[in-house]
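Please read the structure below before turning to the comments.
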There are 2 protein chains.
Amino acid sequence: MQSAAAPQDVIFEGPGHTGLTMPLTGEGGCPIREVLDRIGDQWSLLVLAALEPETLRFNVLLRRIGDVSKQMLSRTLRRLEEDGFVERTVYPEVPPRVEYSLTDLGRSFLEPMRALIRWADMHQPEVEAARAAYRARA
Amino acid sequence: MQSAAAPQDVIFEGPGHTGLTMPLTGEGGCPIREVLDRIGDQWSLLVLAALEPETLRFNVLLRRIGDVSKQMLSRTLRRLEEDGFVERTVYPEVPPRVEYSLTDLGRSFLEPMRALIRWADMHQPEVEAARAAYRARA
DNA sequence: GCTCCACGGTCTACAAAGTGGACCATGGAA
DNA sequence: TTCCATGGTCCACTTTGTAGACCGTGGAGC
């Protein structure tokens, strides 16, 4: 539901894109906040990226990412499962085997993410330069 | 610098995009982590969006976003300034006036962000459905 | 038979990060 | 004289994340 723009709403529109009018505050549904709720945490994005090429088990994922704690990985995966980004399959064997894989929704989410990652990769030198300039000023 | 792919590296590549090979771990420069360092926090993205249409003063920004604390807004702005996304201009008046505006770098960053926000807007129903299904299963 | 390991987690202290509100100096308006 | 607004910082408190112990099961090695 796309309601009329309130005075303080942001009209987030750009070349070649459909315009998007939205509030910034938490009360109404703000798409930016939606995005942040999904990927704004430390780990979700890394998990999705790790699962992109292949289905992985819990402990493999843990080692692949490296510095995530079991608890956070567990939570992150549950939230991603809840939101329909990731599918969890339990094989009732001993020792237990649990596999995580991307759903179509999760896969489609990575599409726009790629653009963002490429941006970061391309503009990293500019960011570094800005930081150096800032340190020099201060 | 784009080094050769280690076995556990993710080859993050998609239709119509330049491939990107990267580690997921924190040691090497992982572009995903770069992105997260920049926008992964609660507020940076909202600040950038708020500043997109117009230059704003500190307290206006504070009220516009609504539920950000002074401290966090202050920190967020300083970090964005440091990274070259935002420009800070102080007018030596009384009471003090400080204005924040986007730099070209900041503006260019919002470009790929738009795609992500549109994704969130478009796929929100699917996410809701996934959540409902999850609750029903549980 | 006895010990040890791997599996996918959860639980529990502890540490780090975020919050809301008080506080600062200044000058203009009421 | 009192009060407000400015752009912050500082402090106590709460929330969030971390590292590591722990769980039950079964198979491998001794």
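By convention in this document, chain letters (A, B, ...) are assigned in the order of the sequence lines, proteins followed by strands, and residues within each chain are numbered from 1.
- If you find the closest nucleotide of DNA chain D to Trp43(A) and to Phe58(B), the one lying nearer the 5' end belongs to Phe58(B).
- Between the P atom of dG8(D) and the OH atom of Tyr91(B) lies a distance of 14 Å, rounded to the nearest Å.
- Protein atom CG of Leu73(A) is 14 Å distant from nucleotide atom C1' of dG17(D), rounded to whole Å.
- Taking 4.0 angstrom as the limit, Ser69(A) places none of its side-chain polar atoms (N or O) nearer than this to OP1 or OP2 of dG20(D).
- In summary, of the residues considered (Lys70(B), Arg78(B), Gln71(B)), a side-chain hydrogen bond (donor to acceptor under 3.5 Å, both in side chains) with Ser74(B) occurs for Arg78(B) alone.
- Summary of the strand contacts: Arg88(A) and Gln42(B) both lie near DNA chain C, and taking for each the nucleotide with the nearest heavy atom, the more 5' one is attributed to Arg88(A).
- Here the C1' atom of nucleotide dG7(D) and the CG atom of Leu61(B) are 12 Å apart, to the nearest Å.
- Taking 4.0 Å as the cut-off between side-chain N and carboxylate O, Arg64(B) and Glu54(B) count as a salt-bridged pair.
- One interatomic measurement links the two molecules: CG of Asn59(B) to C1' of dG8(D), which rounds to 9 Å at whole-angstrom precision.
- Regarding Asp41(A), its CG atom lies at a distance of 13 Å from the P atom of dT16(D), rounded to whole Å.
- Protein chain A contacts DNA chain C from dC7(C) to dT12(C), reading 5' to 3' and using non-hydrogen atoms of the protein with a distance under 4.0 Å.
- Rounding to whole angstrom units, CD1 of residue Ile65(A) and P of dT18(D) are separated by 12 Å.
- One interatomic measurement links the two molecules: CG of Leu62(A) to P of dT18(D), which rounds to 12 Å at whole-angstrom precision.
- Taking atom CD of Gln71(B) as the reference point, atom P of dG7(D) lies 17 Å away to the nearest angstrom.
- Clustering ILVMFWY residues whenever any of their side-chain heavy atoms sit less than 4.5 angstrom apart, transitively, puts Leu56(B) in the very cluster that holds Val90(B).
- With a 4.5 Å cut-off on side-chain heavy atoms, Leu61(B) and Leu51(B) count as touching.
- No donor-acceptor pair under 3.5 Å is formed between the side chain of Asp83(B) and the backbone N or O of Phe85(B).
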key: Per-nucleotide protein contact string for nucleotides 21-30 of chain D, where B marks a base within reach and S marks sugar-phosphate only (heavy atoms under 4.0 Å, - for neither)   = -----S----

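- OP1 and OP2 of dG7(D) both lie 4.0 Å or more from every side-chain N or O belonging to Arg97(B).
- Under the 3.5 Å distance criterion, the side-chain polar atoms of Trp119(B) are matched with a main-chain donor or acceptor of Ser108(A).
- Asp41(A) contributes a side-chain N or O that, together with a main-chain N or O of Ser44(A), makes up a donor-acceptor pair within less than 3.5 Å.
- Side chains of Thr103(A) and Arg107(A): a donor-acceptor N/O pair is absent below 3.5 angstrom, by distance only.
- When Thr89(A), Val86(A), Thr55(A) are each tested for a side-chain contact (heavy atoms from CB on, under 4.5 Å) with Tyr100(A), only one passes: Val86(A).
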